[in-house]
Amino acid sequence: MVVASPTKIHSEEHLAIELPTVDLSGDRSMVSNLIVKACEEYGFFKVKNHGVPHDIIAKMEKESFNFFAKPFDEKQKVELAKPLGYGCKNIGFKGDIGEVEYLLLNTNPLYIAESSAVSAYIEAVRELACELLDLMAEGLRVPDRSVFSRLIRDVDSDSLVRLNHYPAMPLLCKDKDSSPCNQNKVGFGEHSDPQILTILRSNDVGGLQISLNDGAWVPVTPDPATFWVNVGDLLQALDWVLDANGTQIYNISFHPAMTNGRFVSVRHKALTNSYKSRMSMAYFAGPPPNARITVPPEMITPTKPALYKPFTWAEFKKAAYALRLGDSRLGLFRME
Ligand code: GA4
């Protein structure tokens with residue numbers, strides 16, 4: 001298993017660096033340390049030997065392409081669980097627009113037909129998310145290893161699946177002399193994901209870019225055999241607990257207190273491609289609405305003050321959905 005050090009490989013417009021790759025078949029304690037390092041440095045890493053069967057991914061992708069190939073009127077009828085369902089170009093409720101059509105699904109078994117390709121995919125990817133959260137807890141030396149994954153396994157977990165279809169957009173050069181004619185369009189604008197963790201798989205078409213701390217954009221090389229993992233806002237806000245000896249302990253009665261800013265919620269965006277359409281399938285692992293994200297009071301010290309005010313996922317989600325896509329949401333909950 002390798003977490004590559006950032007080597008500059010070069011591209012004309014962007015700083016291309018090799019992003020961390022974690023091989024889940026490696027030694028467990030090394031894997032957990034590497035995941036923590038990747039979450040701290042990038043909030044983003046690639047997972048190989050992830051254990052999600054190839055045929056489950058292939059069936060899900062095929063169904064997704066079949067769905068988007070349907071006539072517009074038929075797609076629009078899909079309203080499985082309001083406000084989820086089919087959408088085209090409009091993102092969220094605040095006027096954000098992108099060159100994308102999508103299907104947003106609630107992962108609750110109530111909404112997904114049992115034994116469908118979608119339910120098999122959700123189950124397999126949820127397992128992967130839980131395994132990664134357990135590895136994070138191990139890497140953070142939290143004694144209760146399933147403290148994070150329990151939130152996702154909860155029957156009330158507010159997790160989503162999003163299928164994003166970015167149609168190929170030919171580059172039109174109207175005025176070769178003035179404006180650049182080779183610019184890809186924005187499929188999904190810059191943002192971070194509000195949930196705990198995102199597990200993303202896309203076909204062999206590029207377009208995803210992540211932002212580094214200094215604001216530089218790094219294109220993510222497509223690799224359909226792997227999954228990409230994003231740290232979400234909640235995982236950045238949550239804190240973990242140190243006892244007097246510096247050993248990490250965790251008090252479940254306060255509900256998750258994860259990383260208090262140690263992990264970074266990565267900002268990312270997707271551009272369209274000129275020659276082939278891109279399909280990405282994202283699983284957003286979220287806690288139950290009433291899960292309280294807070295730092296235990298006895299852990300707040302002058303040297304390690306809590307960065308964020310306590311909030312529930314329902315409160316955070318409400319605030320997030322009332323903002324524009326690119327707005328910083330955690331900022332609303334920061335301590336003065
Ligand atoms: C980003 C992550 C998920 O795709 C999503 C998005 C949601 C939407 O498309 O409706 C949001 C966006 C996402 C964050 C801010 C709000 C809500 C669009 C938007 C402007 C489904 C989610 O949970 O948050």
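Only heavy atoms go into these numbers, but all of them, side chains included; no hydrogens, no water, no symmetry mates. One-based numbering, in listed order, for ligands and for the atoms of each.
Among protein heavy atoms, atom 12 (C) of ligand 1 sits closest to Leu325 CD1, 3.8 Å. Protein heavy atom closest to atom 14 (C) of ligand 1, with residue, atom name and distance, is Arg329 NH1, 3.7 Å. Distance from atom 13 (C) of ligand 1 to its nearest protein heavy atom, with residue and atom name: Pro194 CD, 4.1 Å. Residue, atom and distance of the protein heavy atom nearest to atom 22 (C) of ligand 1 are Tyr321 OH, 3.2 Å.
Side-chain atoms of Asp327 come within 3.5 Å of backbone N or O of Arg324 as a donor-acceptor pair. Formation of a donor-acceptor pair under 3.5 Å by the Ser116 side chain with backbone atoms of Ser119 is found in this model.
Contacts between Leu323 and ligand 1 below 4.0 angstrom, taking non-hydrogen atoms only, involve the backbone exclusively. Of all the heavy atoms of Phe284, the ones lying under 4.0 Å from any atom of ligand 1 belong exclusively to the side chain.
Under a 4.0 Å criterion applied to the non-hydrogen atoms of Asp193, ligand 1 contributes the atoms 1 (C), 2 (C). Which parts of ligand 1 touch Leu104 is read off a 4.0 Å heavy-atom cut-off, strictly below it: atoms 21 (C). Remark: ligand 1 atoms within the under-4.0 Å shell around heavy atoms of Ala320 are 15 (C), 16 (C). Against a heavy-atom cut-off of under 4.0 Å, Gln195 is close to the following atoms of ligand 1: 22 (C), 23 (O). Shown in contact with Ile91 at under 4.0 Å from a heavy atom are these atoms of ligand 1, numbered in order with element: 9 (O), 18 (C).
The shortest side-chain heavy-atom distance between Leu19 and Tyr42 falls under the 4.5 Å cut-off. Counting only heavy atoms from C-beta outward, the side chains of Leu160 and Leu105 never approach each other to under 4.5 Å. Contact check for Thr198 versus Tyr283: no side-chain heavy atoms found under the 4.5 Å cut-off.
Crowding of Gln76 atom CD: a count of heavy atoms from other residues, nucleotides or ligands under 6.0 Å exceeding 12. Within a 6.0 Å sphere centred on NZ of Lys59, heavy atoms belonging to other residues, nucleotides or ligands number 12 at most.
Taking the six-membered ring for Trp and thresholds of 30 and 60 degrees, Phe316 and Phe333 have ring planes inclined between 30 and 60 degrees apart.
The heavy atom nearest to atom 1 (C) of ligand 1, considering only Arg162, Lys317, His268, His191, is found in His191. Among Gly92, Gly286, Gly98, Gly326, the residue whose heavy atom lies closest to atom 18 (C) of ligand 1 is Gly92.
In this structure, Trp228 has its ring center closer than 6.0 angstrom to the ring center of Phe44.
In this structure, Lys94 has no heavy atom closer than 4.0 Å to ligand 1.
Protein heavy atoms are found inside the 4.0 Å sphere centred on atom 8 (C) of ligand 1.
Polar contact with ligand 1: absent for Asp96 (N/O pair, distance under 3.5 Å).
With hydrophobic clusters built from ILVMFWY side chains whose heavy atoms lie under 4.5 angstrom apart, Ile56 shares a cluster with Val47.
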